[in-house]
A.B. asks: 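Got a structure here, written out as structure tokens. Questions coming.
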Amino acid sequence: DAKAKGRNRYEFFSAALSEQLQEVRTLSAQLHESLVNNEFELLYQPQFDLMTGTITACEALLRWHPAHGGENVSPAVFIPLAERTDLIVQIGRWVMQQACGQVKRWQKKGINLRVDINVSARELVEPDYFARLDACRLSHGLTPQDIGIELTENILIKADNDVLEALKQQRQKGVEISIDDFGVGYSSLSYLRQFPVSHLKIDRTFLKDAPSKAYDSALMEAIVNVGHKLDLLIVAEGVETEEQARYCKELKVEYAQGYLFAKPLTVDAFEALFAKTSRGNQ
Ligand code: C2E
Ligand code: MG
Ligand code: MG
Ligand code: MG
């Protein structure tokens, strides 16, 4: 009868739920262990200047290779998990250290590039986040221009005065601050003015069907126009085709990042690509 059916369904769901919870717990425990065991790696995805074709910066993207856990887990899965606990703070510290070290190693090889790191909300509310960023740069002999930060709109919207003030100070020192995945979060263009940011990274969903779809093109063009009016630099995310790259160029988008140019790369692969692109432009 219906009652029994309902109960069965309940049991089914609760079993599925506790299985999921168990999985989350296992994954969290593994993540924690992995931090200690050095199972994380940063890949670097170049950002290209669309006018000159040269690499001007890159984004550090985290990869997790669990030693015992078999296949790799996407950051789209494990970052949200880590964000539920303090683990993201520890991971973020590792990323910051690693990125600073990499910029320095590249500088010693004559590769002068900014590395942008992704920052989670939970990291920003740590009262010493920016002091640590300053200290990390300093201890590696870096300037504020060497490490950029990427924040989503939702983080900025929810940021309290202390965080906004700290961001303003970073900006005044010359730190490049990007709004990541722009257009899919809170998205009030009028808010843009209040944020101390330098770059807008337009979410790849806007580019996906532009320029063939009028609706997407209209949005894309509106974002670029407003961004430029506010003196922001624009980065197109997820550029996968020549047509998309041409379209971005037409719109006077400054920078592009995407599989058309390069996937996130290991340090060695990045250096090889960098050598190739800078040779081609001399
Ligand atoms: P994100 O910051 O928006 O990074 C861009 C994502 O798009 C990356 O996914 C990148 O590999 C992918 N991508 C780049 N070009 C293309 C393209 O042409 N087509 C498509 N389809 N995708 C492209 P990834 O590496 O899987 O990272 C996913 C998200 O995980 C990131 O999105 C970011 O939010 C988060 N994440 C990654 N590393 C870190 C980190 O160190 N700290 C924090 N807090 N979050 C991170
Ligand atoms: Mg990002
Ligand atoms: Mg993004
Ligand atoms: Mg994202």
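All values below were derived from every heavy atom in this structure, side-chain atoms included, with hydrogens, water molecules and symmetry-related copies excluded. The first residue in the sequence is number 1, and the count goes up from there. All ligand and atom numbering here is 1-based and tracks the order in the structure.
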A.B. asks: Looking at the Mg ion (ligand 2), which N/O/S atom of Glu59 is the nearest one?
C.D. replies: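 The atom in question is OE2.
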A.B. asks: If I consider every N, O or S atom in Asp181, which one ends up closest to the Mg ion (ligand 3)? I only need its name.
C.D. replies: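 For Asp181, the N, O or S atom at the smallest distance from the Mg ion (ligand 3) is OD1.
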A.B. asks: Between ligand 1 and Leu260, is the shortest N or O to N or O distance under 3.5 Å?
C.D. replies: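 So ligand 1 has no N or O lying under 3.5 Å from an N or O of Leu260.
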A.B. asks: May I ask you to check whether Thr56 and Gln47 show a side-chain donor-acceptor distance below 3.5 Å?
C.D. replies: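 Side chains of Thr56 and Gln47: no pair found under 3.5 Å.
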A.B. asks: Using a 4.0 Å heavy-atom cut-off, which part of Asn118 comes near ligand 1: side chain, backbone, both, or neither?
C.D. replies: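 Within the 4.0 Å criterion, Asn118 contacts ligand 1 through backbone and side-chain atoms alike.
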A.B. asks: If we ignore angles and hydrogens, is there a donor and acceptor under 3.5 Å between the side chains of His140 and Gln107?
C.D. replies: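 No, no side-chain donor-acceptor contact under 3.5 Å.
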A.B. asks: side-chain contact (heavy atoms from CB on, under 4.5 Å) with Ile223: which of Ile202, Asp203, Leu251, Val253?
C.D. replies: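 When side-chain contact (heavy atoms from CB on, under 4.5 Å) is applied between Ile223 and each of Ile202, Asp203, Leu251, Val253, only Ile202 qualifies.
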A.B. asks: Nearest heavy atom to atom 35 (C) of ligand 1 wins, so pick from Ile79, Val239, Leu62, Thr241.
C.D. replies: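 The residue whose heavy atom sits nearest atom 35 (C) of ligand 1 is Ile79.
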A.B. asks: Taking heavy atoms and a distance under 4.0 Å, where does Leu43 meet ligand 1: side chain, backbone, both or neither?
C.D. replies: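 For Leu43, no heavy atom sits under 4.0 Å from ligand 1.
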A.B. asks: Tell me, which N, O or S atom in Asp180 is closest to the Mg ion (ligand 3)?
C.D. replies: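 Result for Asp180 and the Mg ion (ligand 3): OD1.
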A.B. asks: Going by heavy atoms, is Glu83 under 4.0 Å from ligand 1?
C.D. replies: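 Checking ligand 1 against Glu83, which is what was asked, there is no heavy-atom contact under 4.0 Å.
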A.B. asks: Would you mind listing every salt bridge (charged side-chain N to carboxylate O under 4.0 Å, His left out) that reaches into residues 52-68, with sequence neighbours excluded?
C.D. replies: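 Non-adjacent pairs meeting salt bridge (charged side-chain N to carboxylate O under 4.0 Å, His left out): Glu59-Lys201.
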A.B. asks: Ignoring hydrogens and geometry beyond distance, is a side-chain donor-acceptor pair present between Glu271 and Tyr44 at under 3.5 Å?
C.D. replies: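 Glu271 vs Tyr44: no donor-acceptor pair found between side chains.
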A.B. asks: Residue-level breakdown please: for Gln45 versus ligand 1, do any non-hydrogen atoms fall below 4.0 Å on the side chain, on the backbone, on both, or on neither?
C.D. replies: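 Within the 4.0 Å criterion, Gln45 contacts ligand 1 through side-chain atoms alone.
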A.B. asks: Relative to the Mg ion (ligand 3), which of the N, O or S atoms in Glu237 is the closest?
C.D. replies: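 Answer by atom name: OE2.
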A.B. asks: Consider every N or O of Gln257 and every N or O of ligand 1, then say whether any pair is closer than 3.5 Å.
C.D. replies: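 No, there is no polar N/O contact under 3.5 Å.
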A.B. asks: Could you pull out, from Arg63, Arg204, Glu237, the option with a heavy atom nearest to atom 7 (O) of ligand 1?
C.D. replies: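 That would be Arg204.
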A.B. asks: Is there a donor-acceptor contact under 3.5 Å from the side chain of Arg137 to the main chain of Gly141?
C.D. replies: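 Side chain of Arg137 to backbone of Gly141, a donor-acceptor pair under 3.5 Å: no, none is there.
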A.B. asks: Please tell me whether Phe274 and Trp106 form a close aromatic pair, meaning their ring centres lie under 6.0 Å apart.
C.D. replies: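 Distance test on ring centres: not under 6.0 Å, no.
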A.B. asks: Are any of the N/O atoms on Ser74, whether in the backbone or the side chain, positioned under 3.5 angstrom from an N/O atom of ligand 1?
C.D. replies: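 So ligand 1 has no N or O lying under 3.5 Å from an N or O of Ser74.
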A.B. asks: Quick one: do Glu126 and Arg93 make a salt bridge, cutoff under 4.0 Å?
C.D. replies: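 Yes.
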